[in-house]
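The structure displayed is predicted, hence computed values, not measured ones. First listed ligand is number 1; within each ligand, the first listed atom is number 1.
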Amino acid sequence: MSRLTVIGAGYVGLVTVACMAELGHDVIAMDLDAEKVGLLREGGVPIYEPGLAELIAANRERIEFTSDPGHAYRAGEFTFVCVDTPPTYSGDADLSRIWQAVDNLPSDEGEHILVTKSTVPVGTGALVQAELARRRYRHISYASNPEFLREGTAIADFMHADRVVVGANDPETASRVGRLYQGVDCPVLSTDVASAEMIKYASNAFLATKISFINEIANVCEATGADVTVVAQGMGMDHRIGPHFLQAGIGYGGSCFPKDVSALKQIAGNSGYHFQLLNAVIEVNELQKRRVIGKLKRHLGDELRGKRIALLGLSFKPNTDDIRQASSIVLAGRLLAEGADVVGYDPIAMENMRALLPTMTYASSGLAALQGADACVLVTEWAEFSTLDWEQAKRSMARPILIDGRNALDGAVLTGIGFTYEGVGTRVKLG
Ligand SMILES: NC(=O)c1ccc[n+]([C@@H]2O[C@H](COP(=O)([O-])OP(=O)(O)OC[C@H]3O[C@@H](n4cnc5c(N)ncnc54)[C@H](O)[C@@H]3O)[C@@H](O)[C@H]2O)c1
C-alpha cells in the first residue's frame with residue numbers, strides 16, 4: 001500500500017481521498033481553504049455526494065486533512081492534483097491552480113510521482129514536465145490520470161470504473177500509478193500523456209454531442225408530431241448507438257461538460273483547427289435552455305412580468321448540490337430579466353443558489369414553490385418530484401401549467417389530473 005497526497009479537496013479530490021483510502025492507501029488531503037479543512041477534520045463534508053461522508057468516516061484512520069502544503073507534499077510517494085481548472089473569459093482552461101501545485105512540490109525529497117487528475121488541456125503535461133526538468137527535479141516523474149466520475153454517483157463510478165487511463169512517458173511510472181487501483185475491477189489503459197489528456201476531453205465532448213443531438217431531434221419531434229422518448233428508445237436499441245445520454249431535456253450543465261467542450265474548442269483553435277461540430281453542440285445547448293421561455297410565453301402570453309414561475313430543481317443534475325453552469329441559472333436569470341416572480345426549490349442546492357441569485361424567491365418545499373404559481377418548470381429530475389402530490393399541487397397553483405424540462409414525469413397522468421403538460425419533444429401536450 002502507498003502513501004498518497006491529494007491536492008484539492010473538492011468533488012474529485014474528496015472522492016479520490018475516500019476511495020483510495022478504501023483501497024487501503026494512506027492519504028493526506030490538502031486544500032488551501034482552511035475553513036474546508038477545519039470542517040473535514042471535525043468529521044463534516046463540505047459537499048453533497050451520496051455515500052461520501054460514510055466512506056470517509058469508515059476509512060478515517062487512513063486519512064489526514066491539512067492546509068499545510070509543506071507537510072502534505074513531503075508526505076506522499078504520489079501527489080494527485082485534483083484542483084479546479086475553471087474556464088477563463090476566452091473559454092480556455094485556467095491552469096493557475098495547477099501551476100500553484102507544481103510550485104509547491106518539494107525540491108529535494110525522495111522519489112515521487114506527480115499525477116494530474118484535474119482536466120487539463122492537451123500539452124499541459126508536457127509543459128509541467130518541461131518545468132520539472134528546468135528545475136532539475138529529477139526525483140519527480142509525471143503521469144496524467146484523468147477522472148471520469150459523475151457527481152451524484154461518484155463513489156460507484158470510481159470503485160467500478162469503466163476504465164482507468166494512465167498517461168506517462170515511461171512504463172514504470174504508468175504501471176506504478178495503475179497498481180494504485182488494484183481492487184478496482186476494470187481495465188487500465190496505459191498511454192502517452194497527451195493521449196490521456198485528450199481521452200478526457202474527447203469523452204466529455206462526445207457525451208455532450210450526444211445530448212445536443214437528441215435535443216435537436218426533440219425539437220424536430222415537437223415540430224413534426226413524433227415523440228422523442230420512443231425515438232431515443234428505438235435508437236438506443238442499436239448497439240452501435242447505445243441507450244445512454246439520449247434523454248432529451250433543457251440542456252446540459254455542470255462543472256465539466258460546458259467548460260470541457262469549450263476548452264476542447266479552444267485547444268483545437270489554438271492549434272489552428274476549427275472544430276465546427278463543437279460550435280454547434282455549444283450553441284444548441286444554450287438555445288435549448290432558452291426554449292423554455294418560448295414555451296412559457298405560448299401558455300401565459302408574451303408578458304411574463306409579475307407572473308409567478310416555480311422552478312423545481314436547481315442543481316445541474318439530481319443527487320448533487322453543484323449548481324455550476326446549471327440550466328436553472330440561465331432560466332432564472334432570463335425569467336427575472338422578463339420581470340417574472342421566480343420561486344425556486346431544490347432538496348439540496350438551495351444554499352449554493354441563494355448565494356448566486358439572492359433576488360430569486362426560495363421555497364421550503366416543492367409544494368410550497370407551486371403555491372399560487374402561474375406555471376411550473378421541472379428543471380432537475382430529483383426523485384422527490386416524481387412522487388410529489390401533484391393533485392394537491394394542481395389545486396394550489398394559480399394555473400396548472402407544467403413544463404417538464406427533463407421528461408421525468410408521467411405526462412398522461414398529469415394531463416389526466418388537469419395539468420397543461422408539456423415535455424421536451426414528447427407528444428403529450430396541452431391538457
Ligand atoms: N466535478 C466533477 O464531476 C469532475 C469529474 C471529472 C473531472 N473533473 C475535473 O477535476 C478537477 C477538479 O474538479 P472539482 O469539481 O473537484 O473542483 P472543486 O472546485 O470542487 O475542487 C477544487 C478544490 O481545489 C482547491 N484548490 C485550488 N487550488 C489549490 C491549491 N493550489 N492547493 C490546494 N488546493 C487547491 C479548492 O479550494 C477546491 O477545494 C477539474 O479539473 C475538473 O474539470 C471534475
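- Residue contacts with ligand 1 for A154 are absent, since no atom lies close enough (heavy atoms, distance under 4.0 Å).
- The heavy atom nearest to atom 31 (N) of ligand 1, out of those in Q100, E49, R150, K200, is found in Q100.
- In terms of protein heavy-atom proximity, atom 22 (C) of ligand 1 is closest to D84 OD1, 3.4 Å.
- Under the 30°/60° scheme for interplanar angles, the aromatic rings of H139 and Y137 are found to be tilted.
- In this structure, the protein non-hydrogen atom closest to atom 1 (N) of ligand 1 is E151 OE2, 2.8 Å.
- Of all protein heavy atoms, the one lying nearest to atom 5 (C) of ligand 1 is L149 O, 3.5 Å.
- Heavy-atom contacts of K259 reach the following atoms of ligand 1: 42 (C), 43 (O) (cutoff under 4.0 Å).
- Of all protein heavy atoms, the one closest to atom 21 (O) of ligand 1 is G10 CA, 3.2 Å.
- Below 4.0 Å from some heavy atom of C82 lie the following atoms of ligand 1, by number and element: 12 (C), 22 (C).
- Looking at atom 26 (N) of ligand 1, its nearest protein heavy atom turns out to be V83 CG1, 3.9 Å.
- A cation-pi arrangement is found for R354 relative to Y362, the charged atom lying closer than 6.0 Å to the ring centre and inside a 45° cone about the ring normal.
- Scanning V12, L32, V37, T320 for the heavy atom closest to atom 16 (O) of ligand 1 points to V12.
- Aromatic ring pairs are classed by plane angle as parallel below 30°, tilted from 30° to 60° and perpendicular above 60°; the pair W382 and Y48 is tilted.
- Taking each of D94, D157, V120, D31 in turn, the one with a heavy atom nearest to atom 37 (O) of ligand 1 proves to be D31.
- Aromatic ring centres of Y201 and F206 lie farther apart than the 6.0 Å criterion allows.
- A donor and an acceptor atom, one from each side chain of T66 and D68, are nowhere located under 3.5 Å apart.
- Using a 4.5 Å cut-off on side-chain heavy atoms (C-beta onward), K200 and D260 make contact.
- Taking CG from D346 and OG1 from T380, the interatomic distance works out to 6.0 Å, rounded to the nearest 0.5 Å.
- Contact detail for A101 and I7: the closest heavy-atom pair is CB-CG2, 4.4 Å.
- Every atom of ligand 1 with a heavy atom of Y11 under 4.0 Å away is listed here by number and element: 1 (N), 15 (O), 16 (O), 20 (O).
- Contact annotation for S118 and ligand 1: heavy atoms of both the backbone and the side chain come within less than 4.0 Å of the ligand.
- Between the side chains of Y181 and N145, at least one donor N or O sits under 3.5 Å from an acceptor N or O.
- Inter-residue side-chain proximity for H112 and Y73 is flagged as unmet; no heavy-atom pair is nearer than 4.5 Å.
- Residue C256 has at least one heavy-atom neighbour below 4.0 Å for each of these atoms of ligand 1: 2 (C), 3 (O), 4 (C), 5 (C), 8 (N), 44 (C).
- The I7 neighbourhood of ligand 1 comprises atoms 32 (N), 33 (C), with distances under 4.0 Å to a heavy atom of that residue.
- Side chains of V128 and L114 form a contact here, defined as non-hydrogen atoms less than 4.5 Å apart.
- For atom 6 (C) of ligand 1, the nearest protein heavy atom (residue, atom name, distance) is E147 O, 3.2 Å.
- The shortest contact between atom 15 (O) of ligand 1 and any protein heavy atom is with R324 NH2, 3.0 Å.
- For the side-chain contact (heavy atoms from CB on, under 4.5 Å) with E22, the lone residue among N59, V184, I56, V17 that qualifies is N59.
- Atoms of ligand 1 found under 4.0 Å from any heavy atom of K36, numbered from 1 in the order shown, are 38 (C), 39 (O).
- Protein heavy atom at the shortest distance from atom 9 (C) of ligand 1 is T119 OG1, 3.5 Å.
- Closest heavy-atom approach to atom 41 (O) of ligand 1 within the set L95, T85, V6: this belongs to T85.
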